Every structure is written in C-alpha cells, then in structure tokens.
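One structure below.
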Amino acid sequence: MRVSQFFLSTLKEAPAEAELVSHRLMLRAGLIRKLGSGLYTWMPLGLRVLRKVEAVVREEMNAAGAVELSMPAVQPAELWEETGRWAQFGPQMLKIKDRHERDFCFGPTHEEVITDIARRELRSYRQLPVNFFQIQTKFRDEIRPRFGVMRAREFLMKDAYSFHASVDDLQREYRNMYEAYSRVFTRLGLRFRAVAADTGAIGGTGSHEFHVLADSGEDAIAFCPESDYAANVELAEALAPSEPRPAPGAPMARHATPGVHSVDDVAAFLGLPASRIVKTLAVIAGDGRLVLLLLRGDHQLNEVKAGRKFSPEGGFRFATEAEIRARLGAGPGSIGPVGAAVPVVADRAVVAMGDFSCGANADGFHFAGLNFGRDLPLPDHVADLRNVVDGDPSPDGAGRLAIARGIEVGHVFQLRTKYSEAMSCQFLDEQGRSRPMEMGCYGIGVSRIVAAAIEQNHDARGILFPEALAPFRVAIVAIGYGKSEAVRGAAHALHDALEAAGVEVLLDDRDERPGVMFADMELVGIPHRITVGERGLKNGEMEYQPRRDGGVTALPAAGAAQWLLERLR
RNA sequence: CGGGGUGUAGCGCAGCCUGGUAGCGCGCCUGGUUUGGGACCAGGAUGUCGGAGGUUCGAAUCCUCUCACCCCGACCA
C-alpha cells in the first residue's frame, strides 16, 4: 500500500478533550474521529487495527470450538420483558420505538436473543453442548462516556454464549474459554491477568475478568506475586491479622478535639498514625436498624462485603446526620462504639488493635488509649468489611498482595440457568425429562483492546503497536521520492517484494520532508521501518530501524527484502 | 443526575473583565528556494464567534434561555 493511495490523517496537537494517552494518540494518529459523546468513527488506519484484534479473537474462538453467528443489533422489548431486564437494565439501555410505536432497544448485550435462538433450535441433549459467538456492535448509554474508545457508548464486542446439559459440562467449557482468552491476549502481545470477579447484576456463579495491566486502568486488582492468586479488589478477602491483639499499654483518656472530625484530623491532632484510629461509620440496615461499622483508620469500607453482612439482598445505606444524632448524640465525625447502645460490626483488623482512638459520641471529644475487654466489650460481630491494601496477606496463604490497576478487556461467566429458566429454554435429557439448559457467557471488548494495547505500548513519539495489532508491519520511508528515480525504483521494488511475500507494507511516497515522514510513521506505530534515500543507495544500502528499540542497521539494498522477511518470520 | 468548566478558522489558543464588527501558531492553497528528523521566503483562502432571544446607535464581549462537549462524583452485563 502506498500512502498516496491510502488515507493518513495525523495531528500535531491532540484535541483538548483527550486526556488519556491512548485517546490522544488514537486521535493524533488518525485511528479514530469523534462523532458525538461516546461515538467514534474508525478511520481506515484504525479499522485495520480493529480488524487485527477481531481476526485473532475469531481464530481462537473457532479453534476453541465455538461457532459464529450474527444477531440483530436491534432487539424487541418483549424478549427483555421475559427476563425482567427491560425494567432492570434501566437508562443504560438505549430504547427506541419503531413506526408502530413498538418498543425496541439497541442491544447492550445478547443473552435474551441467544436464549431465544437456543430454545427454538435446541431440543435434545444430543445437540448439546453448543457455543455460539458473534462479533458485533453494541450500545450502552453510559452515564459518562470517556477516554475515547475505552469507554464509549457504541463499541465492538465479541460475545459468546454456551449451552449445556450439565453443570460439569458448563465448567469444562468455562475452562476452555478461559484458556482461549489467555491465548487471545497472549497472541495480541498484551500483559494481562485473569482475576476472580464479582458476578454483578448478570447473576450466576463462577466469573473471571481479564485485565490488561495499565496504570490508567479503571479497576483495581489485588494479586499475589508469589502465586497465581488474583481478584478484583471488590472481591479479595482481607484475612484476619495473624498477630494477637497487643496488651493494653496506655490508660484510657478522653480528649477535647474541637473541630476535629476526619481520621486525618484526629491523627494529626492526637499525634497518632491512622492505623491506631478506629473509623466509625453509621449505616441503616435493610430492616431499618442503625448499625455501626468499625474500620481501621487507614482502611476503606468495601460496600459489597458490608452489604453481604446485612441481608441476602445486601441492602444498607449510610445514615443521615439527623439519624446519627438522634441515636448517638453526636455528629458523624465524633461517634464511636464506646457506650453506644446499637449493634456494632467490626472489621477483622479492628479487633486486633490496641491503645486506639475513636469518637466519644460527643461533639468535640475523642477517646484515646482504648482497649477491647478493658474499656469496651468486643464487638457483637466481626467480619471482613474492607478493601484489601498493598501488603495484606494473600487469601491463598502464599505471600503478600500487591495492588495493580487494570483495564477490563474480557469477562467469562457461568450464568447457570438464570436465563434459560426465565425464558424456558429447555432440552430433553437422556431420561426424557425436560430441563433448563446450563449457560455460560464470555465477552471480549474488541474496540477497547485497541485502546488498552496503546495504553500499555507507547512512548514519547507515539504508538508502539505489538506485531499482531499493527495496521502495517513495515513502513518504507522514501526520501526524495519525487526527485530521485533511483529512490523511486528501489522503494517500489522493495514494496512489491514485501507485498508479494504477504507482508503488510506502507510505502510513504508523499515526497514530504524526511522529518515529517519519520514522525508520522512513528506516531502511527508501525513496528519496522526501512529508509530508502539517495545517500544510502549510492553505497548500495538501505537502512532498517525497528520502532521499539532504536538502533539503525545498514542493509545491502539488493538483499533488503530478503533480510526483512527473515527477520519478520 | 449533582458539582465545576469550555464553546472564536481543520487543530491548539488569544480577544470577553473595560461593547466600536476578529486575531496568533500549526495546518491548507499558489509560486519559488529547499530536501536524512515536523523547512524557508512571498502571496492567498477559510469564521453565520455553538444556537435563540434581549439590552444598546452598535454585542464574540453585557443579560436571559437553550444546545453541545469536557472534567470530578455516583453508575458500569
């Protein structure tokens, strides 16, 4: 391909709206252009990258035994009413009406449609298992689209849904998909981690998220460098401290702390580390009771864990200041467990604290030197209430946890029978009994992967595409193209030879100044570059330079194509 | 949805406070000189100043409404 026949549209400066590196670079390199909030055009260059991702995903899905189909992007409301998700999905679903005023949505996901297919097509255990997948555009009306294609409203996704006669078979396929996903991300050249995940609103049991590791990631992941344990921070268990509670070393004291409310304030005022302060949160449980939650000052409440502690539905909310005052006689920053006639749930780390400080249930006063058993009773309940932090022991006992940030690019779920039951998607088993199918679902954010890959692979000059993702593998920069017959001839010969060998090559025949061409090819992230110029040709040479690690190699012009083909292999 | 901000040429921005009919850099077009890391010289084109209404002799500038976009938060199969 020649630049003059293709379409390059690079920018020296990125539009002001882009703050994330990948977003800026995608805009600058001309991979995407914005149409509206969360809506992007994939420009020719970007589309080539998107197609690369798609191709790898498709190949691995096929290799793993899944079969491709394509479902409508627009779906009738009735299907969603069967599962109750028409109402449940809420405003994130783009709802539309046709000319007959019938309700439709632009599909945010396809569980309902595929389950409908399955219940019509699959009758017998003999037809199971099946795994259907598609690569398709979805729309979710995100509250706040951002970071370009990373969190867009319209996006490209690979979604797969499997149907099984037994849980065992579902689990087998789940592992199969897990492995297929690992191969996909490995082939794409990404540093990733599979983490145990919360199953969220979709329901079901087993679930793993695949995260591309990047500091800009929106999700926090806890993992153990010494083992393969990894979990979403929401889910990672914070174990009870192994050290016993220290013996009391200080007398209990009540300090006047005027205007001191936050943990940081208390720490500064009393000269204590945050880890010696108990943070007291007042919540209203599902049954209406006010309950105090105790956390170590340097820890953070995990609302998912706290929710589980209260009721099957996990319902609780933070108490209002008025409710807190009514029960405890002090405001939020001055409350504590001492003498409070309400139920108390303490985090595991709290009951291992000694000589600690907390609010005195009187505005402007805090206790210090508190010890359980001496100054106050041990709490009614002890539970895991907090997010794990860097250095916590790993739940698998293998070492200490580290926290990293990740971009979720894949998700595998065991849905079980949530949808098959709701939509009576049944099959006849060996005994002729009618049973709901066991289901799994497996998603990959195809368009998001492009952004995630750039987030993980860039430098000051632009994108460093992994080989598998690059829009072109080789750039030929022809210096003096317009003027020099020799340059033109040599560049064309090299271009044709590479193309004939099946290499995706981009010949810069724009007759621009060298700096412009170098800068563009680097911005766009083409992994290999050959420079052809009169200066080199005089000595019968061309120059090779890899995008990623710099050094220039002089090549005999005659053998350049061959040399490069060797290297690319 | 709550809080904050921005809309002026393709992109990045100034002008607005203190009203007098729009400017800079990059990009674009023409000609010339250049040609191994984002050239130089000369000439040129491009704006309903996001939209509507109002105040005023006069509005990019002041007021009201509205739309869009961005940031922070809540949300995220």
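Predicted model only: the values in this text are computed from it and were never measured. Quick note on labels: first sequence line is chain A, next is B, and so on, each numbered from 1.
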Every protein N/O within reach of nucleotides 14-16 of chain B N/O, cut-off under 3.5 Å:
none

Pairwise N/O distances under 3.5 Å, protein to nucleotides 1-9 of chain B:
none

For nucleotides 66-69 of chain B, tabulate all protein N/O to nucleotide N/O atom pairs closer than 3.5 Å, reporting atom names and distance.
residue	atom	partner	partner atom	Å
rC69(B)	OP1	Ser37(A)	N	3.2
rC69(B)	O3'	Lys34(A)	NZ	2.9

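Among the heavy atoms of the strands, none lies under 4.0 Å from Met93(A). Across all strands, Pro108(A) comes closer than 4.0 Å to no nucleic acid atom at all (heavy-atom distances). In this structure, Glu19(A) reaches the sugar-phosphate backbone alone: every heavy-atom distance under 4.0 Å involves primed, P, OP1 or OP2 atoms, never a base.
With sequence neighbours left out, the salt bridge (charged side-chain N to carboxylate O under 4.0 Å, His left out) criterion links Glu112(A) to Arg85(A). With sequence neighbours excluded, the residues forming a ring-ring contact (aromatic ring centres under 6.0 Å, His included) with Tyr178(A) are His208(A), Phe210(A), listed by chain and number. For the side chain to side chain contact (heavy atoms under 4.5 Å, CB included) test, residues two or more places apart in sequence or in another chain that qualify with Gln545(A) are Arg529(A), Val552(A). Shown here are the ring-ring contact (aromatic ring centres under 6.0 Å, His included) partners of Phe132(A), two or more places apart in sequence or in another chain: there are none. Taking Glu54(A) as the reference, Arg51(A), Arg58(A) meet the salt bridge (charged side-chain N to carboxylate O under 4.0 Å, His left out) condition, with sequence neighbours excluded.
Within the structure, ring pair (Phe, Tyr, Trp, His ring centres under 6.0 Å) pairs that include any residue of residues 142-164 of chain A do not occur (at least two apart or interchain). Annotation: side chain to side chain donor-acceptor pair (under 3.5 Å) contacts involving residues 480-491 of chain A, sequence neighbours excluded, comprise Tyr481(A)-His492(A), Ser484(A)-Glu534(A), Glu485(A)-Arg488(A). Residue pairs satisfying the salt bridge (charged side-chain N to carboxylate O under 4.0 Å, His left out) criterion with at least one member in residues 25-37 of chain A, sequence neighbours excluded, are listed as follows: Glu17(A)-Lys34(A).
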Q) Reading nucleotides 30-38 of chain B 5' to 3', which nucleotides get B (base under 4.0 Å from a protein heavy atom), which S (sugar-phosphate only), which -? A) ----BBBBB
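Taking 4.0 Å as the cut-off between side-chain N and carboxylate O, Arg2(A) and Asp508(A) do not count as a salt-bridged pair. The pair Lys97(A)-Asp103(A) meets the salt-bridge criterion, with a side-chain N (NZ, NE, NH1 or NH2) lying under 4.0 Å from an Asp/Glu carboxylate O.
Between the side chains of His458(A) and Glu455(A), no donor-acceptor pair of N or O atoms lies under 3.5 Å.
With both ends at atom P, the span from rU61(B) to rC69(B) equals 23 Å, rounded to whole Å.
Within 6.0 Å of atom CD in Glu68(A), more than 12 heavy atoms from other residues, nucleotides or ligands are found, so the atom counts as buried in its surroundings.
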